[in-house]
Amino acid sequence: MDKLLETLLETRRLTEEQWRELLARRDSLDRAELFDLARAERQRWFGNRVYIRGLIEWTNVCKNNCYYCGLRRDNHRVRRYRLTKEQILACCEAGYRWGFRTFVLQGGEDPGLSPEAVAETVAAITARYPDCAVTLSLGEWEETVYRLWYEAGARRYLLRHETADEGHYRRLHPPELSLRHRMDCLYTLKNLGYQVGAGFMVGSPGQTDETLAKDFCLLQELQPEMVGIGPFLPQHDTPFGREKPGTLEDTLVFLALIRLTLPPVLLPATTALATLDPRGRSLGMEAGANVVMPNLSPPSVRESYALYDGKAATGAEAAEHLADLRAQLAGLEIAIDRGDAPTKQP
Ligand code: 5AD
Ligand code: SF4
């Protein structure tokens, strides 16, 4: 076995230097062996169980201008929408019937979404479905706002760090956004008691073995309960519209390495991965992922939530087609419970 992989298995951490070295020779790693190790780790913590999360795309309005994202404020070709509390509750009702016990409310940084309205919606969901978890993914807000939402019942927050390298962060974002503030938000969320999810795009413009090594070090430091990674995919109305997409191979290798670094992590095979390759979701599970997040948004808005071109939106991506998803998860079973991050090995 690769020496550094052995060290990773023994200590669950590598130095930045070691990460760089391992990542630099990732194409010559024995992938079958790597994925076996990742699946064994997943099996130890979760058995055969896969968690499903119902993804509700609340608003595609965003005040930010990230260079990679189709929802950026300068993209005037998007039909903007914002769901009402009633629409969201209707999504939850359908989702609950289908077996979802986690609802992920995701959206751009929408100034028209008041913190109070979010709190009210979260409180309404947790009152109606006390056996369900509410995850928020609404970007960067003040600590007081994050606290308000926690008190309303939200217990998980997804905020990808995007890249742990300052220079690379500036390449991906306009100057008003900073890695520093993003990390402050992640630590604030953690301190408030949220289970947090960090993560990054695979193959984003400017990503190198050096920036990736920092991403892995950041994950070791932060110890997030969830990690979301998926390939960067160009969106034609953004400044990165002509950049190359991330690769399937890299995404799978990174999923496996994350599973080995953070064994009990909740790790989705993302929609971006399924968009890049029709086998993406199954291959992601084979590389150690254990979460899938089918789309529970009203079908009429799904197309408008276009972070990148070609977003997979049918079949197993759609919450109403859980049977399609089951068929792709050969040997794994979909768990019908909240699926909190485990704290000790079962
Ligand atoms: N390709 C892949 N992922 C993207 N995201 C945004 N734009 C793209 C894109 N073009 C991801 C970012 C963000 C999340 C909402 O979606 O990582 O955190
Ligand atoms: Fe807005 Fe998020 Fe897209 Fe950036 S990545 S433009 S914050 S929706």
Side-chain angles (χ1 to χ4, degrees), residues 53 55-78 80-82 104-113 135-141 157-164 168-179 181-183 185-186 189 196-207 211-212 215 218-219 224 226-248 250-251 254 268-277 280 284 293 295 297 301 304-312:
R53 318 305 196 189
L55 181 65
I56 303 173
E57 296 157 332
W58 193 338
T59 167
N60 70 353
V61 179
C62 189
K63 68 174 183 337
N64 292 333
N65 224 359
C66 307
Y67 301 136
Y68 46 84
C69 175
L71 303 188
R72 64 202 302 274
R73 68 164 183 265
D74 282 355
N75 184 4
H76 299 294
R77 299 219 171 141
V78 187
R80 305 283 172 173
Y81 74 87
R82 181 182 304 120
V104 180
L105 309 183
Q106 189 162 73
E109 287 184 25
D110 178 357
L113 199 63
T135 304
L136 293 177
S137 179
L138 298 170
E140 301 179 18
W141 294 80
Y157 205 99
L158 307 178
L159 186 71
R160 290 186 177 181
H161 65 279
E162 312 296 358
T163 172
H168 188 212
Y169 200 90
R170 284 196 298 275
R171 167 98 200 266
L172 299 179
H173 303 97
E176 62 271 20
L177 294 176
S178 74
L179 176 57
H181 191 254
R182 195 109 183 140
M183 293 312 301
C185 287
L186 277 164
L189 287 161
V196 301
F200 57 90
M201 290 177 288
V202 175
S204 61
Q207 187 171 69
T211 67
L212 283 164
D215 289 319
L218 182 147
L219 295 178
M226 301 155 299
V227 175
I229 67 161
F232 159 73
L233 299 170
Q235 202 286 343
H236 64 280
D237 290 316
T238 65
F240 289 168
R242 291 164 162 273
E243 299 285 341
K244 285 200 311 301
T247 69
L248 178 66
D250 275 350
T251 308
F254 299 166
T270 54
T271 304
L273 183 56
T275 300
L276 180 69
D277 190 297
M293 300 170 69
N295 198 322
S297 309
V301 306
S304 303
Y305 202 85
L307 305 172
Y308 43 77
D309 292 334
K311 181 178 130 187

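Just follow the structure's listing: the first ligand is 1, and inside any ligand the first atom is 1. Heavy-atom basis, side chains included; hydrogens, waters and symmetry copies ignored.
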Colleague: I'd like to know whether Asp215 forms a side chain to side chain contact (heavy atoms under 4.5 Å, CB included) with His161, so could you lay out the CA-CA distance, the side-chain angles of the two residues, the decisive distance to 0.1 Å, and finally the verdict.
Modeller: CA-CA 9 Å; Asp215 289 319; His161 65 279; 2.9 Å; yes

Colleague: Could you check atom 4 (Fe) of ligand 2 against the protein and tell me its nearest heavy-atom contact, residue, atom and distance included?
Modeller: Cys66 SG, 2.3 Å

Colleague: Which protein non-hydrogen atom lies closest to atom 7 (N) of ligand 1, naming both residue and atom, and how far is it?
Modeller: Tyr68 CD1, 3.3 Å

Colleague: Does ligand 1 have any atom that is closer than 4.0 Å to a heavy atom of Pro231?
Modeller: yes

Colleague: Which residue holds the protein heavy atom closest to atom 16 (O) of ligand 1, what is that atom called, and what is the gap in Å?
Modeller: Leu307 CD1, 3.4 Å

Colleague: Looking only at heavy atoms, which two atoms of Leu233 and Pro245 are closest? And how far apart?
Modeller: CD2-CB, 4.0 Å

Colleague: Does the pair His181 and Glu140 meet the rule for a side-chain hydrogen bond (donor to acceptor under 3.5 Å, both in side chains), with working shown?
Modeller: CA-CA 8 Å; His181 191 254; Glu140 301 179 18; 2.6 Å; yes

Colleague: Using a 4.0 Å heavy-atom cut-off, say whether Ala272 meets ligand 1 through its side chain, its backbone, both or neither.
Modeller: neither

Colleague: At the 4.0 Å heavy-atom cut-off, does Gln235 count as touching ligand 1?
Modeller: no

Colleague: Going from CG on Leu158 to CE on Met226, what distance comes out if it is rounded to the nearest 0.5 angstrom?
Modeller: 5.0 Å

Colleague: Is atom 3 (Fe) of ligand 2 under 2.8 Å from any N, O or S atom of Cys69?
Modeller: yes

Colleague: Compute the centroid of each ring, for His173 and then for Tyr68, and state whether the two points are separated by less than 6.0 Å.
Modeller: yes

Colleague: Hey, could you give me the CG/CG distance between Asp309 and Asp237, rounded to the nearest 0.5 Å?
Modeller: 7.5 Å

Colleague: What residue and heavy atom of the protein are closest to atom 1 (N) of ligand 1, and at what distance?
Modeller: Leu233 N, 3.0 Å

Colleague: Can you tell me how far the SG atom of Cys66 sits from the CG atom of Asp74, to the nearest 0.5 Å?
Modeller: 11.5 Å

Colleague: Is atom 2 (Fe) of ligand 2 touching the protein, meaning some protein heavy atom lies under 4.0 Å away?
Modeller: no

Colleague: Return the option from Lys311, Met201, Glu57, Arg72 holding the heavy atom at the smallest distance from atom 5 (N) of ligand 1.
Modeller: Met201

Colleague: List the closest protein heavy-atom neighbour of atom 11 (C) of ligand 1: residue, atom name, distance to the nearest 0.1 Å.
Modeller: Arg160 NH1, 3.6 Å

Colleague: Considering non-hydrogen atoms of the protein only, which is the closest contact for atom 7 (S) of ligand 2, and what is the distance?
Modeller: Asn64 ND2, 3.4 Å

Colleague: Could you tell me, atom by atom, which parts of ligand 2 come under 4.0 Å of a heavy atom of Arg72?
Modeller: 6 (S)

Colleague: Show your reasoning for whether side chain to side chain contact (heavy atoms under 4.5 Å, CB included) applies to Gln106 and Ile56.
Modeller: CA-CA 6 Å; Gln106 189 162 73; Ile56 303 173; over 6 Å; no

Colleague: Are any of the N or O atoms of Glu162 closer than 3.5 Å to those of ligand 1?
Modeller: yes

Colleague: Which atom names give the shortest non-hydrogen contact between Arg80 and Arg72, and what distance separates them?
Modeller: NH2-O, 2.9 Å

